[in-house]
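Working notes, beginning with the structure itself.
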Amino acid sequence: MRIPSFISKLKAPLGVAAASVFMTGCAVFKSAPQSTFDAKGPVALDQLNLFYLTLWVVAFIFVVVASVLLYAVIRFRARPGDKDEDIPAQTHGNPVLEIGVIAVSVLLLVIIAVPTVRSAIYIYTVPEGEEVLEITATGYQWWWTFEYPDLGVVTGNEMWIPVDTNIKINLRTQDVIHSFWVPKLAGKVDMIPNRNNWMWLRADEEGMFYGQCAEFCGESHANMLFRVISASAEDFDAWVERQNSPAREPAEQESLELAGRQLFQTKGCVQCHNIDGIGGGMLGPDLTHFGERYTVAAGLLPSTRENLHRWIIDPESIKPGNLMTEGILEQNLTTEDVDRLVAYLKSLDLRENQSR
Ligand code: HEC
Ligand SMILES: [Cu+2]
């Protein structure tokens, strides 16, 4: 079957339209965890409003220009029987029209520029006279640490914040350029070597928010996620208190957990991971209270026993290129070893009434 020629002419524009729909992903739906259309804090809301303002202004320009164009195309089109000399009357400049179009363009630019500058200042000014909590976030290929200098807390991959509180985040990197982005709370800001970038944000609701590295940083860039947990002041204080305590010790009858702790020390894990009370290196995330974490592999998977097992026995299958694989390959861990390690890591949880 022959495709009618007007359809084949439309192929390219239709393709572009379809691609742009796909490129928006699911993020236009407010329910998507990384939707910027679902602002949950003042910084994200300010940026969303600026987006809408710009969108309406450009939509207005589009409608006006497209209507004039369409009018001209239809009104002055060539009709059957037209002779070559029947061209429409030609005009050569219309000062009133030209000055008017320039004036309107300038006005529209000002309508966009003034709020943009105001917004740029707003997102770089932590509100004065209100409580501020400072956190230093550091990007690593492909995970994060969060330090709370005033609270003495160091943790990985899950950043707790108190709700309704201004948070100032210092953005650092240990290696390449990363970008810190929590779509529902604030726009992205890069973490650049030797530059002291920072941002502020506030969550207006309790809940868990998705974060994502937003600057290509190597093989597992797309797998470099994190979570922000916005908690009531009470829950946050309790979390800080647990974070400031030494790691939970397995009880005498917890033989799996005890064996796991032993393996953690003998199978090389301590070379890269710190657990307060046991010690260890800093090449991987701090695991002192790992049992409390919701996710494993930097926000990639829920921290179930199955996922944790998979991660320890074959991290490569979950996160290609990650920097843990090489360290554990020569350990030749057996399934039983991994079961013990999983039991131990899951027991690193100081909350009461946890089913372990
Ligand atoms: C060579 C250093 C190294 C060794 C050895 C190592 N790890 Fe890791 N580990 C890492 C790195 C790096 C990450 C972060 C990977 C990522 O998400 O990109 C990690 C991540 C983890 C995580 C996930 C943490 C989180 O919050 O997502 C767990 C759990 C873990 N390792 C357990 C272990 C255990 C158990 C051992 C010993 C059998 C071990 N690791 C040995 C470097 C190491
Ligand atoms: Cu990154």
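Side-chain atoms are counted along with the backbone in the values below, which use heavy atoms only and exclude waters and symmetry mates. Every number for a ligand or one of its atoms is a count from 1 in the order of the listing.
Both V189 and M159 are members of a single hydrophobic cluster when ILVMFWY side chains are connected at heavy-atom separations under 4.5 Å. With hydrophobic clusters built from ILVMFWY side chains whose heavy atoms lie under 4.5 angstrom apart, L308 shares a cluster with L300. V126 is connected to V182 through a chain of hydrophobic side-chain contacts under 4.5 Å among Ile, Leu, Val, Met, Phe, Trp and Tyr, so both are in one cluster.
The residue E326 has no part lying near ligand 1, judged by heavy-atom distances below 4.0 Å. With a 4.0 Å cut-off on non-hydrogen atoms, M324 touches ligand 1 through its backbone as well as its side chain. At a 4.0 Å heavy-atom cut-off, ligand 1 touches L308 through the side chain alone. Counting heavy atoms under 4.0 Å from ligand 1, residue R293 touches it through the side chain alone.
Counting heavy atoms only, W311 comes closest to atom 28 (C) of ligand 1 of the residues W311, Y294, Y140. If you check each of G327, S220, G260, C272 against atom 4 (C) of ligand 1, the one with the closest non-hydrogen atom is C272.
Close approach of ligand 1 to C269 is summarised as follows: ligand atoms under 4.0 Å from at least one heavy atom of the residue are 34 (C), 35 (C), 36 (C), 37 (C), 38 (C), 39 (C), 41 (C). Proximity to P285 (heavy-atom distance under 4.0 Å) selects the following atoms of ligand 1: 11 (C), 13 (C), 14 (C), 19 (C), 20 (C), 24 (C). Ligand-side atoms of ligand 1 in range of W142: 16 (C), 17 (O), 18 (O), range being under 4.0 angstrom from any heavy atom. Interface of L283 with ligand 1, defined as ligand atoms under 4.0 Å from a residue heavy atom, comprises 12 (C). Shown in contact with A297 at under 4.0 Å from a heavy atom are these atoms of ligand 1, numbered in order with element: 17 (O), 23 (C), 25 (C), 27 (O).
Among all non-hydrogen protein atoms, the one lying nearest atom 41 (C) of ligand 1 is I328 CG2, 3.5 Å. The shortest contact between atom 16 (C) of ligand 1 and any protein heavy atom is with K319 NZ, 3.3 Å. Ranking protein heavy atoms by distance to atom 25 (C) of ligand 1, first place goes to N157 ND2, 3.2 Å.
Inclusion of A298 in the set of residues having an N or O under 3.5 Å from an N or O of ligand 1 is warranted. Residue contacts with ligand 1: N322 is placed with no nitrogen or oxygen under 3.5 Å of a nitrogen or oxygen of the ligand (distance criterion only). Close N/O approach between T295 and ligand 1 is not found [any backbone or side-chain N/O within under 3.5 Å].
A salt bridge links R118 with D46; the closest basic N to acidic carboxylate O contact falls under 4.0 Å. Taking the charged nitrogens against the carboxylate oxygens, E130 and R202 do have a contact shorter than 4.0 Å, which makes a salt bridge. Classification of K40 and D204 as a salt-bridged pair fails, no side-chain N sitting under 4.0 Å from a carboxylate O. A salt bridge is absent between R79 and D82: the closest approach of a Lys/Arg side-chain nitrogen to an acidic carboxylate oxygen does not fall below 4.0 angstrom. A salt bridge links R248 to E254: one of the charged nitrogens lies within less than 4.0 Å of a carboxylate oxygen. With salt bridges taken as basic N to acidic carboxylate O contacts below 4.0 Å, one links R261 and E249.
Both cation-pi conditions hold for R227 and Y210: the charged atom is under 6.0 angstrom from the six-membered ring centre and inside a 45 degree cone around its axis.
Of all the N, O or S atoms in H178, the one closest to the Cu ion (ligand 2) is ND1.
With ring centers used as reference points, Y148 lies under 6.0 Å from W239. For W181 and F226, the ring centers sit 6.0 Å or farther from each other.
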Candidate pair E131 and N166, rule side chain to side chain donor-acceptor pair (under 3.5 Å), full reasoning: CA-CA 7 Å; E131 190 196 342; N166 300 326; over 6 Å; no
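When distances to the Cu ion (ligand 2) are checked against a cut-off of 2.8 Å, H221 contributes no N, O or S atom below that limit. At least one N/O/S atom of H273, whether from backbone or side chain, sits less than 2.8 Å from atom 8 (Fe) of ligand 1. The Cu ion (ligand 2) has an N, O or S atom of M224 under 2.8 Å away, backbone or side chain.
Angle SG (C213) to the Cu ion (ligand 2) to SG (C217): 120°, rounded to 10°.
Contact analysis puts G268 in contact with ligand 1, with a non-hydrogen atom separation below 4.0 angstrom.
How far CG of L53 is from CG of L48: 11.5 Å, rounded to the nearest 0.5 Å.
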